[in-house]
Chemist: 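The structure is given below, and queries will be raised subsequently.
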Amino acid sequence: MIEPMRQRQKLAPALLRWYDSHRRDLPWRAPPGARVDPYAVWLSEIMLQQTTVATVKGYFERFLTRWPTVEALAAAPLEEALAAWAGLGYYARARNLHACAGAVARDHGGRFPSTEAALLALPGVGPYTAAAVAAIAFDQPCAAVDGNVERVVTRLYAIGTPARRAKPLIREKVEAMMPAARAGDFAQALMDLGATVCTPRAPGCGACPWSADCAARAAGTQEAYPVKEKKAEKPKRRGGIFILERGEETLLSRRPEKGLFGGMSAFPSTPFTRDVAPDEQLAFAPCAADWRALPEPVSHVFTHFALTATVFTARTKSPKAPGANCRWASRANLDREGLPTLMRKAALLAGLI
DNA sequence: GAGACGTGGTC
DNA sequence: TGACCAAGTCT
């Protein structure tokens, strides 16, 4: 048994050695030793919130190509940023991304602040992202605790408290092992370890630089961590989506700024905040028309409810003026309108794209 | 502080 | 196949 203080001081060097030969090559990472662009680090961190690396890669490249600097992104209309974000989910991130770019351009002269506290004050930047950007982009010794780090640390110390309440303790443990140099590499190494070795299922303890120090491994209970709170049951809801066509055009509406799909373009629909039974769905149609239900509904599972939506279609020649937040979109361009995935599914089912 | 907030992949 | 998971934040 290694004496505790000595053990703690050996953790970071062992992890950094492992990282030097096993680090993942990712589009937002600079080659070893090279300097990273804080804008690229921040952009990647926002996209990676609750989203997989594989999904993010394409979006990251497109955003960086289209808006190479934070000033360019700040100058873009919000609608364009939202459309480019379509399909990534959690659209509040895109609204905050745009607001954050504006704040950096306006209040910080186009340079991201380098301290955790100043970063935390930016829209869409919470405790994790502030620490991650400070560490990765500015090499500040900040503890970036994400889901990966939670898993690694709860296993390393066999912390049986549900992860949400264990956050402060996890942070303490990370700070205690934080090396004086290479703070950015350390933060990324911890996340790489969680993503590639200390995985949720079937962790590769044989390849782990910390396996000899790991309390859960010693007890053979790796997969029992992190302990999760039991989550509430997911309600099932029904609803309707209305696709109105006029010649080669389709009616789109802009969703309210807050709530589901906030600020996004979408087909008019019933509210999704509650279950809307089939016999009351047509009352939410954008106008009177010969609405026909498609034979198959679209099913879509959100984080907090599962939706089965009937897709109604109708044609019109001269409808009443569409609502203030409605517009006609060319069907040929529908693919580029930046529809949320649920709405894309409906368009696909209706044969529009 | 618990719930809202998307989506795609895996077993 | 349905449940669970993935670099969280905001209210």
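As the structure is a computational prediction, the values presented were derived from the model and not from experiment. Throughout, protein chains are lettered first and strands after them, A, B, ... in sequence-line order, and every chain is numbered starting at 1.
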Chemist: Could you tell me whether the side chains of A:R29 and A:S44 share a donor-acceptor contact shorter than 3.5 Å?
Modeler: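 Note: A:R29 and A:S44 side chains miss the donor-acceptor criterion.
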Chemist: For residues 201-209 of chain A, please give each side-chain donor-acceptor pair under 3.5 Å, one per line with the distance, not counting sequence neighbours.
Modeler:
none

Chemist: Tell me what A:R344 touches on the nucleic acid: a base, only sugar-phosphate, or nothing, going by heavy atoms under 4.0 Å.
Modeler: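 Here A:R344 touches no strand at all.
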Chemist: Could you go through residues 287-296 of chain A and list every donor-acceptor pair under 3.5 Å that involves a side-chain atom there, pairing it with any protein atom two or more places apart or in another chain?
Modeler:
{"residue": "A:D290", "atom": "OD1", "partner": "A:R292", "partner atom": "NE", "Å": "3.2"}
{"residue": "A:D290", "atom": "OD2", "partner": "A:R292", "partner atom": "NE", "Å": "3.2"}
{"residue": "A:D290", "atom": "OD2", "partner": "A:R292", "partner atom": "NH2", "Å": "2.9"}
{"residue": "A:W291", "atom": "NE1", "partner": "A:C287", "partner atom": "O", "Å": "2.9"}

Chemist: Can you list the residues that meet the ring pair (Phe, Tyr, Trp, His ring centres under 6.0 Å) rule with A:H22, with sequence neighbours excluded?
Modeler: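 For A:H22 the ring pair (Phe, Tyr, Trp, His ring centres under 6.0 Å) partners, ignoring immediate neighbours, are A:W18.
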Chemist: Among residues 171-189 of chain A, which residues get a heavy atom nearer than 4.0 Å to DNA chain C?
Modeler: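 Nucleic-acid contacts, sorted: none.
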Chemist: Please name all residues satisfying ring pair (Phe, Tyr, Trp, His ring centres under 6.0 Å) with A:Y39, sequence neighbours left out, ordered by chain then number.
Modeler: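 Partners of A:Y39 by the ring pair (Phe, Tyr, Trp, His ring centres under 6.0 Å) criterion, ordered by chain and then number, come out as A:W42.
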Chemist: Quick one: list whatever passes ring pair (Phe, Tyr, Trp, His ring centres under 6.0 Å) with A:F302, sequence neighbours left out.
Modeler: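 In terms of ring pair (Phe, Tyr, Trp, His ring centres under 6.0 Å), with neighbours along the sequence ignored, A:F302 is linked to A:F261, A:H300, A:F305.
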Chemist: What does A:S44 touch in the nucleic acid at a heavy-atom separation under 4.0 angstrom: a base, only the sugar-phosphate, or nothing?
Modeler: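 Touches nothing.
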Chemist: What is the per-nucleotide protein-contact pattern of nucleotides 3-11 of chain B, from the 5' end, where B denotes a base atom under 4.0 Å from a protein heavy atom, S denotes such proximity for sugar-phosphate atoms only, and - denotes neither?
Modeler: BSBBBS---
Chemist: I'd like a table of donor-acceptor pairs (distance under 3.5 Å, sequence neighbours excluded) in which one partner is a side-chain atom from residues 53-62 of chain A, with atom names and distances.
Modeler:
{"residue": "A:T55", "atom": "OG1", "partner": "A:T52", "partner atom": "OG1", "Å": "2.8"}
{"residue": "A:Y59", "atom": "OH", "partner": "A:A86", "partner atom": "O", "Å": "2.7"}

Chemist: Considering only residues two or more places apart or on different chains, which pairs with a residue in residues 329-343 of chain A satisfy side-chain hydrogen bond (donor to acceptor under 3.5 Å, both in side chains)?
Modeler: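 Found A:E245-A:R331, A:R327-A:E337, A:N333-A:R336, A:D335-A:R344.
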